[in-house]
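To keep things clear, I will list the structure first and then write my remarks on it.
Throughout, residue positions are numbered sequentially from 1 according to the sequence presented. Scope of the values below: all heavy atoms of this structure, side chains included, with no hydrogens, waters or symmetry mates.
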Amino acid sequence: MFYKNLLLFACIVLSGCGFSPMNKLSDNLMTTDKTSQISISNIPNYEGYLLKQQLEDNLNPQKTSVQKKYILTVYLKAPTYTDQSIQGDNFASRETTRIHAKYQLKEIETGEIVLQDTTSATGAYNIVKEPYATNIAKNKLKENLIQIISDNITVRLVSFFKTKEDISESKTDTN
């Protein structure tokens, strides 16, 4: 009963405050009409290749062919590794990995940078005596961290375009 009342209260409050979803969901991915207009520059290395593929899937899930108005450039730093949980025999049994990315969005027509930001992701994996298992864990973690960076960039781009839309709408409403 308490949860029903809480849900009802939340619905009333949210409907009265002007809340609207930041983006529409399309096949459970966040997109706007503008995100399909983004061209993504090549990103060096295997991690860059993975990031570009995931960004393309996130920003244009239907693979619609539209004229590109923006170009997204991502500078992906090499992963950094930090040993943790050092045992008495100086064997690290856990390692932390951090991947950092800097990105900028430019308008193709004007060359103006309209958005510039950074993001990073950190995770850890266990180091075991079997090198194969450790290598698999390390590679899987890098893939997961790249997915997190891709999602962070996507959310930031969607938020940017949504904010830009809201500003445009408020200007037209006042005129």
Side-chain angles (χ1 to χ4, degrees), residues 19 21-63 68-87 90-108 110-128 130-167:
F19 171 79
M22 181 175 71
N23 47 45
K24 63 184 179 185
L25 293 178
S26 174
D27 296 332
N28 295 325
L29 296 174
M30 298 171 289
T31 62
T32 69
D33 296 335
K34 300 279 186 184
T35 58
S36 61
Q37 298 174 351
I38 298 174
S39 173
I40 303 167
S41 298
N42 286 332
I43 309 167
N45 300 325
Y46 178 68
E47 290 87 3
Y49 168 78
L50 289 177
L51 180 58
K52 182 178 179 183
Q53 294 301 316
Q54 290 174 1
L55 283 168
E56 287 175 347
D57 291 343
N58 285 354
L59 297 174
N60 191 2
Q62 284 81 28
K63 307 290 186 232
K68 304 299 183 185
K69 294 183 179 180
Y70 302 93
I71 187 159
L72 178 68
T73 306
V74 181
Y75 306 99
L76 193 63
K77 291 186 179 178
T80 57
Y81 304 98
T82 307
D83 288 340
Q84 291 184 327
S85 187
I86 311 253
Q87 299 173 349
N90 287 334
F91 178 76
S93 62
R94 192 155 177 83
E95 190 169 69
T96 299
T97 304
R98 181 177 179 88
I99 300 178
H100 185 80
K102 178 181 176 183
Y103 59 95
Q104 63 183 14
L105 183 69
K106 279 186 189 178
E107 284 186 0
I108 293 174
T110 64
E112 177 187 359
I113 297 173
V114 294
L115 176 67
Q116 185 169 328
D117 207 351
T118 60
T119 186
S120 62
T122 305
Y125 63 93
N126 290 330
I127 300 173
V128 295
E130 313 301 329
Y132 178 76
T134 299
N135 197 31
I136 294 294
K138 183 178 186 176
N139 290 338
K140 183 63 178 165
L141 176 65
K142 281 197 288 188
E143 290 175 11
N144 291 343
L145 295 178
I146 292 296
Q147 181 65 52
I148 290 169
I149 288 174
S150 172
D151 291 346
N152 288 347
I153 293 172
T154 301
V155 167
R156 181 65 178 102
L157 290 171
V158 169
S159 176
F160 169 75
F161 285 119
K162 181 63 177 164
T163 302
K164 195 173 175 180
E165 261 179 37
D166 290 347
I167 291 171

Exercise for the section: Mark yes or no for whether T154, through its side chain, and S150, through its backbone, hold a donor-acceptor pair below 3.5 Å. Expected result: yes

Practice task
For Y70, enumerate each residue passing the ring pair (Phe, Tyr, Trp, His ring centres under 6.0 Å) test, keeping only those at least two apart in sequence or located in another chain.
Solution key: F161

Completion exercise
Interatomic distance, CG@L72 vs OG@S39, rounded to 0.5 Å, equals 8.5 Å

Problem - Partners meeting side chain to side chain contact (heavy atoms under 4.5 Å, CB included) with E56 (sequence neighbours left out) - result: I40, K52, Q53

Completion exercise
Residue pairs passing the salt bridge (Lys or Arg N to Asp or Glu O under 4.0 Å) test with at least one member in residues 137-148, sequence neighbours excluded, are E47-K142

Practice task
Work out which heavy atom in G48 is nearest to a heavy atom in L76; give both atom names and the distance.
Solution key: N-CD2, 3.7 Å

Fill in the blank from the handout: Rounding to 0.5 Å, atoms OH (Y103) and CD1 (I149) come to a distance of 10.5 Å

Show me the donor-acceptor pairs within less than 3.5 Å that the side chains of residues 119-128 make with the rest of the protein, sequence neighbours left out.
from	atom 1	to	atom 2	distance (Å)
T119	OG1	N152	ND2	2.9
S120	OG	R98	NH2	2.9
T122	OG1	R98	NH1	2.9
Y125	OH	E95	OE1	2.2
N126	OD1	R94	NH1	2.6

Practice task
State, yes or no, whether a side-chain contact exists between Y75 and T73 at a heavy-atom distance under 4.5 Å.
Solution key: yes

Practice task
Output all residues satisfying side chain to side chain contact (heavy atoms under 4.5 Å, CB included) with K77, sequence neighbours left out; order by chain, then residue number.
Solution key: H100

Practice task
Dump the intermediate steps for side chain to side chain contact (heavy atoms under 4.5 Å, CB included) on I38 and L55, then the final yes or no.
Solution key: CA-CA 10 Å; I38 298 174; L55 283 168; over 6 Å; no

Exercise for the section: Kindly give the heavy-atom pair with the smallest separation between I108 and I71, and that separation in Å. Expected result: CG1-N, 4.0 Å

Practice task
Keeping to residues at least two apart or across chains, list the salt bridge (Lys or Arg N to Asp or Glu O under 4.0 Å) pairs with something in residues 110-123.
Solution key: D117-R156

Completion exercise
Tested for side-chain contact (heavy atoms from CB on, under 4.5 Å) against N58, the lone hit among I153, T35, V155, D151 is D151

Exercise for the section: Could you tell me the separation between the CG atom of L50 and the CD1 atom of I146, rounded to the nearest 0.5 Å? Expected result: 6.5 Å

Exercise for the section: Please check if atom NZ in K68 has more than 12 non-hydrogen atoms from other residues, nucleotides or ligands closer than 6.0 Å. Expected result: yes

Exercise for the section: Decide if atom OH of Y49 counts as having more than 12 heavy atoms of other residues, nucleotides or ligands within a radius under 6.0 Å. Expected result: no

Completion exercise
For V74 and A101 the tightest heavy-atom approach is CG1-CB, 4.1 Å

